[in-house]
Amino acid sequence: MSATSTSDWPYPRWVAHRGAGKLAPENTLAAFKLGAQHGYRMFECDVKLSRDDVPFLLHDDALDRTTNGDGLAGDKTWQDLQQLDAGSWHSTPYAREPIPSLEAIAAYCIANGFDVNIEIKPTPGADAHTGAVVARHAARLWHNKPRKPLLTSFKPDALQAALAAAPDLPRGLLLHELWTGWLETALMLGCVAAVCNHKLWDTRSVALAKSAGFKLLSYTVNDEADVQRLLDLDTDGIITDRVDRFKPGP
Ligand code: G3P
Ligand code: CA
């Protein structure tokens, strides 16, 4: 058995993490714009659901670290979430930067010809539901667009639901570690990519993943020596915070 054909892998090697890493408030439109100013053409972001099932960008389960709200983000309605300030925690120039909806990010990226890696980041207990709803919205937002977003998740149940809801959208399994059965799970989920903590890639894991037909991506790579190692291993994609350090190239 082999992964879905990846011969038409369309994505650039360099991916800006959470928009522009740490240089702007993560997972905001301002971060995407700053990443774009540094030449990036593909952006990773974390997407979860509001209480009323609107997909929006936020990394943590709770609002506290990156907004002026508090508590579980998934308990709030989109009406409430869009009032919050997701920029002041970072720095005053970004004060009042809002939490973006996936719809707003899709509009920006499509208008500018940018690619997106949507990490499905469910509120605990909502893996399958989040995977299904996010995939359904992504399919709608990128309908008839030649380049589709790459859907990734650490949660197999989210990817399984995404597969059922929008089978034509490419998927990647995120891995903190190479847990037993990861490769078979990624194949079963019809993934085209394995997206690993960069330390997991070595000659053995690269050979194994390549033999199964996966593209190989790494997160979060901020060090020159790590970049060189991943290039020497002939991996395919690098997700970085350091949009100021690494030029993404053509
Ligand atoms: O998608 C790669 C990376 O973003 C996963 O880790 O915690 O930054 O979402 P995290
Ligand atoms: Ca992420």
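In listed order, ligands and their atoms are each counted from 1. The model shown is predicted, which means the values in this text are computed figures rather than measured ones.
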Output side-chain donor-acceptor pairs under 3.5 Å for residues 172-190, partner residues at least two apart or in another chain, one line each.
{"from": "His176", "atom 1": "ND1", "to": "Tyr219", "atom 2": "OH", "distance (Å)": "3.0"}
{"from": "Thr185", "atom 1": "OG1", "to": "Gly181", "atom 2": "O", "distance (Å)": "2.8"}

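Gln83 contributes a side-chain N or O that, together with a main-chain N or O of Gln79, makes up a donor-acceptor pair within less than 3.5 Å.
A distance of 6.0 Å or more separates the ring centres of Tyr40 and Phe32.
Salt bridge present: Glu103 and Arg140 bring a charged side-chain N and a carboxylate O closer than 4.0 Å.
Across Leu23 and Leu34, no two heavy atoms sit closer than the pair CB-CD2, 3.6 Å.
In this view, Thr130 and Leu49, Ile120, Pro122, Ala126, Val134 satisfy the side chain to side chain contact (heavy atoms under 4.5 Å, CB included) rule, not counting sequence neighbours.
At a threshold of 4.5 Å between non-hydrogen side-chain atoms, the residues Asp168 and Lys148 do not count as touching.
To the nearest 0.5 Å, atom NZ of residue Lys33 and atom CD of residue Glu97 are 7.5 Å apart.
The number of protein N, O or S atoms lying under 3.0 Å from the Ca ion (ligand 2) is 3.
Leu58 and Tyr108 fall into different hydrophobic clusters, where Ile, Leu, Val, Met, Phe, Trp and Tyr residues are linked whenever their side-chain heavy atoms come under 4.5 Å apart, directly or through other members.
Near ligand 1, heavy-atom contacts under 4.0 Å come from His17, Arg18, Glu44, Asp46, His59, Glu119, Lys121, Phe154, Leu174, Tyr219.
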